[in-house]
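Comments concern the structure below.
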Amino acid sequence: MSAKGNIYDEFEWRGLLYDATPGLKDLLAKESVTAYIGFDPTAASLHVGSLLPIMGLARLQRFGHTPIALVGGGTGLIGDPSGKTAERQLLNKEKVEENIAGIKAQLSHFLDFEREGNPARIENNHDWLGQLQLIDFLRDTGKHFTVNYMLSKESVKRRIESEDGISYTEFTYMMLQAYDFLELNRRGDCSLQMGGSDQWGNILAGTDLIRRVNGNKAHGLVFPLVTNASGTKFGKSEAGNVWLDPELTSPYKFYQFWMNTDDRDVIHYLKSFTWLSREEIDGLEAEVNERPGAREAQRTLARHITTALHGESELAKSEMASKVLFGGSMENLGVKDLRDIFEDVPSIMLAKEALEGEGMGMLDVCSQAEITSSNGEARRLIRQGGLFLNGERIEDENARMTIDQAIEGELFVLRKGKKSYHLVQIGG
RNA sequence: GGACGGGUACCGAAGCGGUCAACCGGGCUGGACUGUAAAUCCAGUGUCUUUCGACUUCGGAGGUUCGAAUCCUCCCCCGUCCA
(Lines give C-alpha, C1' and ligand atoms only; values in the text may rest on other atoms or scores of the structure.)
Protein backbone atom coordinates (compact mmCIF):
# COMPACT_ATOMS: atom_id res chain seq x y z
CA MET A 1 0.00 0.00 0.00
CA SER A 2 2.81 2.38 0.72
CA ALA A 3 5.99 2.97 -1.17
CA LYS A 4 7.89 2.14 1.98
CA GLY A 5 6.47 -1.33 2.26
CA ASN A 6 4.39 -2.84 4.98
CA ILE A 7 4.27 -1.25 8.38
CA TYR A 8 3.92 -4.74 9.77
CA ASP A 9 7.41 -5.64 8.60
CA GLU A 10 8.64 -2.34 9.94
CA PHE A 11 7.30 -3.13 13.40
CA GLU A 12 8.75 -6.56 13.16
CA TRP A 13 12.35 -5.65 12.47
CA ARG A 14 12.22 -2.94 15.08
CA GLY A 15 11.22 -5.55 17.60
CA LEU A 16 7.92 -3.88 18.27
CA LEU A 17 5.72 -6.77 17.38
CA TYR A 18 4.75 -8.70 20.44
CA ASP A 19 1.55 -10.16 19.15
CA ALA A 20 -1.01 -9.47 16.47
CA THR A 21 -4.24 -10.96 15.24
CA PRO A 22 -4.02 -13.26 12.22
CA GLY A 23 -4.57 -11.60 8.89
CA LEU A 24 -3.41 -8.20 9.99
CA LYS A 25 -0.33 -8.25 7.85
CA ASP A 26 -2.31 -8.82 4.68
CA LEU A 27 -4.79 -6.15 5.58
CA LEU A 28 -2.06 -3.58 6.17
CA ALA A 29 -0.51 -4.49 2.84
CA LYS A 30 -3.76 -4.11 0.96
CA GLU A 31 -5.40 -1.00 2.28
CA SER A 32 -5.07 2.14 4.31
CA VAL A 33 -6.20 1.28 7.76
CA THR A 34 -7.45 3.44 10.58
CA ALA A 35 -5.94 2.45 13.90
CA TYR A 36 -6.10 3.72 17.43
CA ILE A 37 -4.30 3.58 20.71
CA GLY A 38 -5.78 4.61 24.01
CA PHE A 39 -4.01 6.92 26.42
CA ASP A 40 -4.98 7.13 30.04
CA PRO A 41 -5.42 10.61 31.42
CA THR A 42 -4.23 9.63 34.88
CA ALA A 43 -1.69 12.44 34.88
CA ALA A 44 -1.41 15.83 33.24
CA SER A 45 1.49 14.62 31.21
CA LEU A 46 2.47 11.47 29.45
CA HIS A 47 5.77 9.97 30.39
CA VAL A 48 8.45 8.24 28.37
CA GLY A 49 6.63 4.95 28.69
CA SER A 50 3.96 6.34 26.38
CA LEU A 51 6.52 7.19 23.77
CA LEU A 52 6.48 3.72 22.34
CA PRO A 53 2.78 3.68 21.50
CA ILE A 54 2.94 7.28 20.33
CA MET A 55 5.73 6.41 17.96
CA GLY A 56 3.71 3.40 16.92
CA LEU A 57 0.94 5.68 15.76
CA ALA A 58 3.38 8.02 14.10
CA ARG A 59 5.03 5.19 12.20
CA LEU A 60 1.69 3.94 11.09
CA GLN A 61 0.85 7.35 9.76
CA ARG A 62 4.09 7.57 7.80
CA PHE A 63 3.16 4.33 6.16
CA GLY A 64 -0.05 5.81 4.91
CA HIS A 65 -2.48 4.72 7.58
CA THR A 66 -4.65 6.90 9.75
CA PRO A 67 -3.88 7.15 13.46
CA ILE A 68 -6.33 8.01 16.17
CA ALA A 69 -5.16 8.85 19.64
CA LEU A 70 -7.96 8.03 21.98
CA VAL A 71 -7.82 9.85 25.25
CA GLY A 72 -9.68 8.00 27.94
CA GLY A 73 -11.78 10.76 29.38
CA GLY A 74 -14.44 8.21 30.20
CA THR A 75 -12.41 5.16 31.05
CA GLY A 76 -9.97 7.31 32.99
CA LEU A 77 -12.76 7.77 35.47
CA ILE A 78 -12.88 4.02 35.95
CA GLY A 79 -9.31 2.75 35.99
CA ASP A 80 -7.76 -0.10 34.09
CA PRO A 81 -6.88 -3.15 36.19
CA SER A 82 -4.33 -4.39 33.64
CA GLY A 83 -0.85 -4.54 35.03
CA LYS A 84 -2.05 -3.25 38.34
CA THR A 85 -1.94 -5.25 41.50
CA ALA A 86 -4.08 -2.90 43.52
CA GLU A 87 -7.26 -0.99 43.04
CA ARG A 88 -6.78 2.45 41.61
CA GLN A 89 -7.57 5.76 43.09
CA LEU A 90 -10.41 7.36 41.18
CA LEU A 91 -9.79 10.75 39.63
CA ASN A 92 -12.35 13.48 39.65
CA LYS A 93 -13.77 14.76 36.40
CA GLU A 94 -12.10 18.15 36.48
CA LYS A 95 -8.72 16.57 36.94
CA VAL A 96 -9.29 14.26 34.02
CA GLU A 97 -10.31 17.18 31.81
CA GLU A 98 -7.17 19.02 32.75
CA ASN A 99 -5.02 16.01 32.03
CA ILE A 100 -6.57 15.49 28.64
CA ALA A 101 -5.62 18.99 27.57
CA GLY A 102 -2.01 18.38 28.53
CA ILE A 103 -1.86 15.05 26.77
CA LYS A 104 -3.29 16.41 23.55
CA ALA A 105 -0.59 19.02 23.39
CA GLN A 106 2.10 16.40 23.76
CA LEU A 107 0.69 14.08 21.16
CA SER A 108 0.77 16.86 18.63
CA HIS A 109 4.57 16.79 18.68
CA PHE A 110 4.51 13.41 17.06
CA LEU A 111 1.35 13.11 15.06
CA ASP A 112 0.54 15.12 11.97
CA PHE A 113 -2.97 16.49 12.12
CA GLU A 114 -2.69 18.24 8.78
CA ARG A 115 -1.33 15.42 6.72
CA GLU A 116 -2.84 15.09 3.30
CA GLY A 117 -5.02 12.01 3.00
CA ASN A 118 -4.50 10.53 6.43
CA PRO A 119 -4.51 13.22 9.09
CA ALA A 120 -4.24 12.10 12.69
CA ARG A 121 -7.17 12.56 15.03
CA ILE A 122 -7.70 12.78 18.72
CA GLU A 123 -10.85 11.42 20.24
CA ASN A 124 -12.12 11.41 23.76
CA ASN A 125 -14.12 8.38 24.73
CA HIS A 126 -16.06 10.44 27.23
CA ASP A 127 -17.95 11.77 24.20
CA TRP A 128 -19.73 8.47 23.83
CA LEU A 129 -19.24 6.72 27.14
CA GLY A 130 -20.70 9.74 28.89
CA GLN A 131 -23.91 9.35 26.91
CA LEU A 132 -24.33 5.70 27.64
CA GLN A 133 -27.49 4.58 29.41
CA LEU A 134 -26.91 1.76 31.82
CA ILE A 135 -29.85 -0.36 30.70
CA ASP A 136 -28.99 0.05 27.03
CA PHE A 137 -25.40 -0.74 27.69
CA LEU A 138 -26.22 -3.89 29.58
CA ARG A 139 -28.64 -5.06 26.90
CA ASP A 140 -26.57 -4.18 23.84
CA THR A 141 -23.06 -4.72 25.04
CA GLY A 142 -23.18 -6.62 28.28
CA LYS A 143 -25.06 -9.39 26.59
CA HIS A 144 -22.02 -10.20 24.52
CA PHE A 145 -19.75 -10.78 27.46
CA THR A 146 -19.96 -13.84 29.58
CA VAL A 147 -18.58 -13.47 33.03
CA ASN A 148 -16.66 -16.65 32.34
CA TYR A 149 -14.88 -14.93 29.48
CA MET A 150 -14.00 -11.92 31.57
CA LEU A 151 -12.82 -14.02 34.45
CA SER A 152 -10.50 -15.89 32.16
CA LYS A 153 -8.56 -12.73 31.26
CA GLU A 154 -5.15 -12.57 32.78
CA SER A 155 -5.50 -9.10 34.25
CA VAL A 156 -8.71 -10.00 36.01
CA LYS A 157 -7.52 -13.39 37.10
CA ARG A 158 -4.48 -12.01 38.76
CA ARG A 159 -6.52 -9.52 40.70
CA ILE A 160 -9.06 -12.07 41.77
CA GLU A 161 -6.30 -14.20 43.18
CA SER A 162 -4.81 -11.22 44.98
CA GLU A 163 -5.92 -10.46 48.46
CA ASP A 164 -7.52 -7.12 47.76
CA GLY A 165 -9.63 -8.44 44.94
CA ILE A 166 -11.05 -6.25 42.24
CA SER A 167 -13.96 -3.87 42.40
CA TYR A 168 -16.91 -4.17 40.09
CA THR A 169 -15.90 -0.82 38.67
CA GLU A 170 -12.56 -1.99 37.42
CA PHE A 171 -13.97 -5.31 36.40
CA THR A 172 -16.15 -3.42 33.96
CA TYR A 173 -13.23 -1.61 32.41
CA MET A 174 -12.67 -4.26 29.80
CA MET A 175 -16.19 -3.89 28.51
CA LEU A 176 -15.82 -0.17 28.17
CA GLN A 177 -12.58 -0.47 26.27
CA ALA A 178 -14.20 -3.01 23.99
CA TYR A 179 -17.06 -0.62 23.52
CA ASP A 180 -14.64 2.13 22.52
CA PHE A 181 -13.27 -0.03 19.79
CA LEU A 182 -16.75 -0.87 18.62
CA GLU A 183 -17.73 2.78 18.57
CA LEU A 184 -14.66 3.81 16.59
CA ASN A 185 -15.23 0.94 14.24
CA ARG A 186 -18.80 2.00 13.65
CA ARG A 187 -18.27 5.66 13.10
CA GLY A 188 -14.88 5.79 11.44
CA ASP A 189 -14.22 2.32 10.22
CA CYS A 190 -11.35 1.99 12.64
CA SER A 191 -10.28 -1.61 12.35
CA LEU A 192 -7.11 -1.85 14.39
CA GLN A 193 -6.29 -1.23 17.99
CA MET A 194 -2.73 -1.19 19.18
CA GLY A 195 -1.25 -0.95 22.63
CA GLY A 196 1.18 -2.37 25.11
CA SER A 197 1.21 -6.11 25.54
CA ASP A 198 -0.70 -5.70 28.80
CA GLN A 199 -3.60 -4.53 26.67
CA TRP A 200 -3.87 -7.73 24.68
CA GLY A 201 -6.80 -9.05 26.63
CA ASN A 202 -8.73 -5.81 26.41
CA ILE A 203 -8.03 -5.47 22.72
CA LEU A 204 -9.28 -8.96 21.97
CA ALA A 205 -12.39 -8.22 23.96
CA GLY A 206 -12.90 -5.38 21.51
CA THR A 207 -12.37 -7.41 18.36
CA ASP A 208 -14.70 -10.07 19.70
CA LEU A 209 -17.36 -7.52 20.49
CA ILE A 210 -17.13 -5.98 17.03
CA ARG A 211 -17.50 -9.36 15.40
CA ARG A 212 -20.53 -10.20 17.47
CA VAL A 213 -22.29 -6.89 17.08
CA ASN A 214 -21.74 -6.02 13.46
CA GLY A 215 -19.87 -8.95 12.02
CA ASN A 216 -16.78 -6.92 11.14
CA LYS A 217 -13.30 -8.29 11.38
CA ALA A 218 -11.18 -6.06 13.57
CA HIS A 219 -7.54 -6.43 14.51
CA GLY A 220 -5.17 -5.95 17.36
CA LEU A 221 -1.45 -5.45 17.59
CA VAL A 222 0.55 -5.12 20.77
CA PHE A 223 4.03 -3.89 21.47
CA PRO A 224 6.31 -5.55 23.95
CA LEU A 225 6.77 -3.80 27.25
CA VAL A 226 9.90 -1.74 27.22
CA THR A 227 12.43 -3.52 29.34
CA ASN A 228 15.47 -2.35 31.10
CA ALA A 229 18.66 -4.38 31.30
CA SER A 230 19.30 -3.22 34.83
CA GLY A 231 15.98 -4.65 35.89
CA THR A 232 14.49 -1.36 36.98
CA LYS A 233 11.26 -0.05 35.61
CA PHE A 234 11.66 1.75 32.34
CA GLY A 235 10.87 5.43 32.52
CA LYS A 236 12.14 6.12 35.97
CA SER A 237 15.20 8.12 36.75
CA GLU A 238 16.58 8.74 40.19
CA ALA A 239 14.34 11.78 40.28
CA GLY A 240 11.23 9.73 39.55
CA ASN A 241 9.13 9.50 36.43
CA VAL A 242 10.48 10.99 33.25
CA TRP A 243 7.68 13.09 31.82
CA LEU A 244 7.19 14.57 28.42
CA ASP A 245 6.09 17.88 29.88
CA PRO A 246 9.13 20.20 30.14
CA GLU A 247 7.67 21.70 33.29
CA LEU A 248 7.84 18.32 34.99
CA THR A 249 11.03 16.98 33.43
CA SER A 250 13.30 19.61 32.00
CA PRO A 251 14.69 19.06 28.51
CA TYR A 252 18.11 18.71 30.08
CA LYS A 253 16.99 15.91 32.36
CA PHE A 254 15.08 14.33 29.55
CA TYR A 255 18.22 14.37 27.42
CA GLN A 256 20.24 12.94 30.29
CA PHE A 257 17.74 10.17 30.80
CA TRP A 258 18.39 8.85 27.31
CA MET A 259 22.08 9.58 27.53
CA ASN A 260 22.26 7.24 30.50
CA THR A 261 20.79 4.31 28.62
CA ASP A 262 22.52 1.04 29.32
CA ASP A 263 24.66 -0.34 26.48
CA ARG A 264 22.53 -3.43 26.45
CA ASP A 265 19.38 -1.43 25.82
CA VAL A 266 20.51 1.32 23.55
CA ILE A 267 20.12 -0.46 20.22
CA HIS A 268 16.73 -1.68 21.14
CA TYR A 269 15.74 1.85 22.15
CA LEU A 270 17.03 3.30 18.92
CA LYS A 271 14.79 0.90 17.07
CA SER A 272 11.85 1.64 19.30
CA PHE A 273 11.99 5.39 19.68
CA THR A 274 13.70 6.90 16.65
CA TRP A 275 13.15 7.04 12.93
CA LEU A 276 16.68 5.90 12.15
CA SER A 277 16.96 3.32 9.43
CA ARG A 278 18.16 -0.19 9.85
CA GLU A 279 21.51 0.70 8.28
CA GLU A 280 22.07 3.63 10.60
CA ILE A 281 21.23 1.55 13.62
CA ASP A 282 23.48 -1.28 12.49
CA GLY A 283 26.28 1.25 12.23
CA LEU A 284 25.66 2.43 15.76
CA GLU A 285 25.54 -1.12 17.00
CA ALA A 286 29.01 -1.72 15.62
CA GLU A 287 30.07 1.48 17.32
CA VAL A 288 28.77 0.27 20.67
CA ASN A 289 30.71 -2.94 20.31
CA GLU A 290 33.94 -1.32 19.28
CA ARG A 291 34.02 1.80 21.35
CA PRO A 292 31.41 1.59 24.06
CA GLY A 293 33.07 4.36 26.00
CA ALA A 294 32.31 6.91 23.32
CA ARG A 295 28.59 6.29 23.76
CA GLU A 296 27.79 7.45 20.32
CA ALA A 297 24.61 5.40 20.25
CA GLN A 298 23.35 6.94 23.47
CA ARG A 299 24.13 10.42 22.21
CA THR A 300 22.29 9.78 18.97
CA LEU A 301 19.34 8.38 20.83
CA ALA A 302 19.17 11.32 23.21
CA ARG A 303 19.51 13.82 20.39
CA HIS A 304 16.80 12.35 18.28
CA ILE A 305 14.21 12.00 20.96
CA THR A 306 14.94 15.32 22.62
CA THR A 307 14.68 17.12 19.31
CA ALA A 308 11.45 15.39 18.41
CA LEU A 309 9.84 16.41 21.66
CA HIS A 310 11.46 19.68 22.66
CA GLY A 311 13.02 21.02 19.48
CA GLU A 312 16.48 22.02 18.29
CA SER A 313 17.14 24.92 20.60
CA GLU A 314 16.32 22.97 23.74
CA LEU A 315 18.58 20.21 22.54
CA ALA A 316 21.41 22.68 22.06
CA LYS A 317 20.95 23.99 25.60
CA SER A 318 20.86 20.50 27.02
CA GLU A 319 24.04 19.55 25.26
CA MET A 320 25.84 22.63 26.44
CA ALA A 321 24.74 22.00 30.01
CA SER A 322 25.84 18.39 29.78
CA LYS A 323 29.23 19.40 28.56
CA VAL A 324 29.78 21.75 31.46
CA LEU A 325 28.32 19.53 34.11
CA PHE A 326 30.15 16.39 33.12
CA GLY A 327 32.93 17.50 30.91
CA GLY A 328 35.04 20.20 32.31
CA SER A 329 35.32 23.06 34.65
CA MET A 330 33.09 26.03 35.06
CA GLU A 331 36.06 28.33 35.21
CA ASN A 332 35.46 30.41 32.16
CA LEU A 333 31.79 30.73 32.68
CA GLY A 334 30.13 33.89 33.82
CA VAL A 335 27.11 34.23 36.00
CA LYS A 336 24.88 34.50 32.98
CA ASP A 337 25.97 31.20 31.48
CA LEU A 338 25.80 29.50 34.83
CA ARG A 339 22.28 30.72 35.43
CA ASP A 340 21.32 29.34 32.08
CA ILE A 341 22.98 25.99 32.55
CA PHE A 342 21.67 25.56 36.05
CA GLU A 343 18.24 26.73 35.09
CA ASP A 344 16.41 23.81 36.60
CA VAL A 345 18.71 23.14 39.48
CA PRO A 346 17.40 23.87 42.97
CA SER A 347 18.38 27.30 44.03
CA ILE A 348 18.16 29.39 47.18
CA MET A 349 18.73 33.01 48.06
CA LEU A 350 20.88 34.03 50.98
CA ALA A 351 21.14 37.50 52.39
CA LYS A 352 24.37 39.27 51.67
CA GLU A 353 24.85 40.09 55.33
CA ALA A 354 24.91 36.44 56.29
CA LEU A 355 27.93 35.84 54.11
CA GLU A 356 29.98 38.86 54.98
CA GLY A 357 32.91 38.69 57.34
CA GLU A 358 33.04 35.25 58.91
CA GLY A 359 30.56 33.94 56.42
CA MET A 360 28.32 30.97 56.99
CA GLY A 361 29.30 27.50 58.13
CA MET A 362 29.09 24.90 55.39
CA LEU A 363 26.85 22.76 57.56
CA ASP A 364 24.37 25.59 57.73
CA VAL A 365 24.63 26.20 54.03
CA CYS A 366 23.83 22.56 53.39
CA SER A 367 20.68 22.64 55.45
CA GLN A 368 19.60 26.00 54.06
CA ALA A 369 20.03 24.76 50.52
CA GLU A 370 18.39 21.48 51.45
CA ILE A 371 21.37 19.58 50.21
CA THR A 372 21.25 17.49 53.34
CA SER A 373 18.52 17.01 55.88
CA SER A 374 20.56 17.11 59.04
CA ASN A 375 23.86 18.42 60.25
CA GLY A 376 25.05 14.91 60.78
CA GLU A 377 24.39 14.08 57.18
CA ALA A 378 26.19 17.20 56.01
CA ARG A 379 29.14 16.29 58.18
CA ARG A 380 29.32 12.79 56.77
CA LEU A 381 29.10 14.15 53.28
CA ILE A 382 32.05 16.47 53.77
CA ARG A 383 34.05 13.85 55.60
CA GLN A 384 33.66 11.50 52.72
CA GLY A 385 34.68 14.14 50.26
CA GLY A 386 31.34 14.54 48.57
CA LEU A 387 30.76 18.27 48.75
CA PHE A 388 32.12 20.79 46.27
CA LEU A 389 31.93 24.57 46.22
CA ASN A 390 32.44 26.09 42.79
CA GLY A 391 34.08 22.90 41.66
CA GLU A 392 36.47 22.60 44.59
CA ARG A 393 36.18 19.88 47.17
CA ILE A 394 35.41 21.04 50.69
CA GLU A 395 37.93 19.32 52.93
CA ASP A 396 36.97 20.60 56.32
CA GLU A 397 33.57 20.16 57.84
CA ASN A 398 33.98 23.40 59.72
CA ALA A 399 34.73 25.37 56.56
CA ARG A 400 32.82 28.56 56.05
CA MET A 401 31.37 30.07 52.95
CA THR A 402 32.12 33.74 52.50
CA ILE A 403 31.08 36.37 50.07
CA ASP A 404 34.45 36.67 48.41
CA GLN A 405 34.13 33.09 47.17
CA ALA A 406 31.05 33.98 45.15
CA ILE A 407 31.37 33.91 41.40
CA GLU A 408 31.29 37.54 40.26
CA GLY A 409 30.05 38.30 43.73
CA GLU A 410 26.68 36.87 42.84
CA LEU A 411 26.40 33.16 43.18
CA PHE A 412 27.84 29.91 44.44
CA VAL A 413 27.61 26.55 42.79
CA LEU A 414 27.41 23.71 45.27
CA ARG A 415 27.71 20.13 44.19
CA LYS A 416 26.91 17.01 46.14
CA GLY A 417 28.54 13.93 44.75
CA LYS A 418 28.97 13.80 41.03
CA LYS A 419 25.72 15.02 39.70
CA SER A 420 23.64 16.86 42.21
CA TYR A 421 23.97 20.61 41.86
CA HIS A 422 22.57 23.39 43.99
CA LEU A 423 22.77 27.10 43.47
CA VAL A 424 23.11 29.70 46.16
CA GLN A 425 22.38 33.22 45.02
CA ILE A 426 22.99 36.35 46.96
CA GLY A 427 19.92 38.38 47.64
CA GLY A 428 19.54 41.97 48.72
C1' G B 1 -18.65 -13.08 66.74
C1' G B 2 -14.71 -17.31 67.95
C1' A B 3 -9.33 -19.52 67.54
C1' C B 4 -4.59 -18.59 66.43
C1' G B 5 -0.42 -15.60 64.20
C1' G B 6 1.58 -10.79 63.72
C1' G B 7 2.67 -5.17 63.98
C1' U B 8 10.70 -3.24 64.95
C1' A B 9 13.98 2.25 61.30
C1' C B 10 12.87 3.46 53.59
C1' C B 11 11.66 -2.05 52.69
C1' G B 12 12.42 -7.15 54.28
C1' A B 13 13.89 -9.25 58.76
C1' A B 14 16.45 -10.52 63.73
C1' G B 15 16.19 -9.31 68.83
C1' C B 16 11.97 -11.35 73.43
C1' G B 17 14.32 -7.75 80.88
C1' G B 18 20.15 -4.77 81.16
C1' U B 19 26.38 -5.02 77.32
C1' C B 20 20.13 -2.06 72.04
C1' A B 21 20.35 3.52 68.48
C1' A B 22 18.85 -1.95 68.10
C1' C B 23 22.34 -8.30 64.15
C1' C B 24 21.70 -9.12 58.93
C1' G B 25 20.02 -8.34 53.72
C1' G B 26 18.14 -4.96 50.15
C1' G B 27 17.63 0.06 49.06
C1' C B 28 19.68 4.84 49.48
C1' U B 29 24.06 8.50 50.05
C1' G B 30 29.24 9.49 49.50
C1' G B 31 34.27 7.80 47.85
C1' A B 32 37.70 4.69 44.58
C1' C B 33 37.73 2.53 39.67
C1' U B 34 35.21 3.91 34.95
C1' G B 35 32.42 5.53 29.76
C1' U B 36 28.08 10.97 33.06
C1' A B 37 28.05 3.19 32.65
C1' A B 38 27.76 -1.86 34.52
C1' A B 39 30.35 -4.93 37.81
C1' U B 40 33.48 -4.55 42.00
C1' C B 41 35.63 -2.50 46.44
C1' C B 42 35.50 1.00 50.75
C1' A B 43 32.67 4.12 54.00
C1' G B 44 28.08 5.89 55.84
C1' U B 45 22.74 5.45 56.79
C1' G B 46 17.78 8.45 64.33
C1' U B 47 18.69 13.84 66.10
C1' C B 48 22.13 17.27 68.54
C1' U B 49 27.27 17.67 69.52
C1' U B 50 31.02 14.71 67.52
C1' U B 51 36.09 12.58 71.46
C1' C B 52 33.50 11.36 75.46
C1' G B 53 28.26 12.29 75.75
C1' A B 54 23.03 13.78 75.69
C1' C B 55 18.21 13.16 73.76
C1' U B 56 14.06 10.80 70.96
C1' U B 57 12.70 5.83 68.72
C1' C B 58 10.63 -0.64 68.20
C1' G B 59 1.50 0.00 66.44
C1' G B 60 -1.07 3.45 70.64
C1' A B 61 -2.03 4.49 75.87
C1' G B 62 -1.08 3.02 80.66
C1' G B 63 1.50 -0.28 84.25
C1' U B 64 5.41 -3.69 86.63
C1' U B 65 10.83 -2.91 87.36
C1' C B 66 16.70 0.23 89.68
C1' G B 67 16.19 -0.78 84.29
C1' A B 68 11.57 -2.69 78.78
C1' A B 69 11.72 -3.28 71.74
C1' U B 70 11.66 -7.36 75.28
C1' C B 71 6.92 -8.77 81.05
C1' C B 72 1.44 -7.24 82.30
C1' U B 73 -3.43 -4.56 81.08
C1' C B 74 -6.52 -2.08 77.72
C1' C B 75 -7.06 -0.22 72.81
C1' C B 76 -6.04 0.16 67.34
C1' C B 77 -4.52 -2.21 62.84
C1' C B 78 -3.09 -6.50 59.60
C1' G B 79 -3.01 -11.85 58.16
C1' U B 80 -4.88 -17.03 58.45
C1' C B 81 -8.61 -20.45 59.89
C1' C B 82 -13.75 -21.29 61.99
C1' A B 83 -18.82 -18.94 62.27
* Would you kindly compare K416(A) and Y255(A) by the position of their nearest RNA chain B nucleotide and give the one closer to the 5′ end? => K416(A)
* Of R393(A) and R383(A), whose nearest nucleotide on RNA chain B comes first from the 5' end? ->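 Its nearest nucleotide lies further toward 5', so the answer is R393(A).
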* Could you tell me whether the side chain of Q256(A) has a donor or acceptor atom within less than 3.5 Å of a complementary atom in the base of U36(B)? =>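 Such a pair exists between side chain and base.
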* **Heavy-atom donor-acceptor pair, R380(A) side-chain to U45(B) base, under 3.5 Å** => no
* Which of the following nucleotides, G30(B), U36(B), G35(B), is nearest to the side chain of Q384(A)? -> G30(B)
* To do: Measure from the side chain of M259(A), starting at C-beta and using heavy atoms only, and say which of U49(B), A32(B), U36(B) lies closest.
  => U36(B)
* **Pair E296(A) + R291(A), salt bridge at N-O below 4.0 Å** => no
Measure from [atom1] on [X] to [atom2] on [N] and round the result to the nearest Å.
X       : N      : atom1 : atom2 : answer
E397(A) : G30(B) : CD    : P     : 18 Å
L387(A) : U29(B) : CG    : C1'   : 13 Å
R299(A) : U36(B) : CZ    : P     : 9 Å
Y269(A) : A37(B) : OH    : C1'   : 14 Å
M362(A) : U50(B) : CE    : P     : 17 Å
Y421(A) : G30(B) : OH    : P     : 13 Å
D364(A) : U49(B) : CG    : P     : 9 Å
K253(A) : U36(B) : NZ    : C1'   : 15 Å

Taking atom [atom1] in both [N] and [M], what distance in whole Å separates the two?
N      : M      : atom1 : result
G59(B) : G2(B)  : P     : 24 Å
A61(B) : C42(B) : C1'   : 45 Å
C55(B) : U19(B) : P     : 15 Å
C4(B)  : C75(B) : P     : 15 Å
C10(B) : U65(B) : P     : 34 Å

* Under 3.5 Å donor-acceptor, N390(A) side chain and V413(A) backbone -> yes
* To do: Using atom types as modelled and distance alone, determine if a side-chain donor or acceptor of N125(A) lies under 3.5 Å from a backbone N or O of L70(A).
  => no
* Asked: Do you know which of T261(A), N260(A), D263(A) makes side chain to side chain donor-acceptor pair (under 3.5 Å) with Q298(A)?
  ->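 For Q298(A), the side chain to side chain donor-acceptor pair (under 3.5 Å) test succeeds with only one of T261(A), N260(A), D263(A), which is D263(A).
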* Asked: With no hydrogens and no angle check, do the side chains of D208(A) and Y149(A) hold a donor and an acceptor under 3.5 Å apart?
  ->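 There is such a pair between these side chains.
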* Look at the side-chain N and O atoms of N375(A) and state whether any lies under 4.0 Å from the OP1 or OP2 oxygen of U49(B). =>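 N375(A) to U49(B) OP1/OP2: side-chain N or O found under 4.0 Å.
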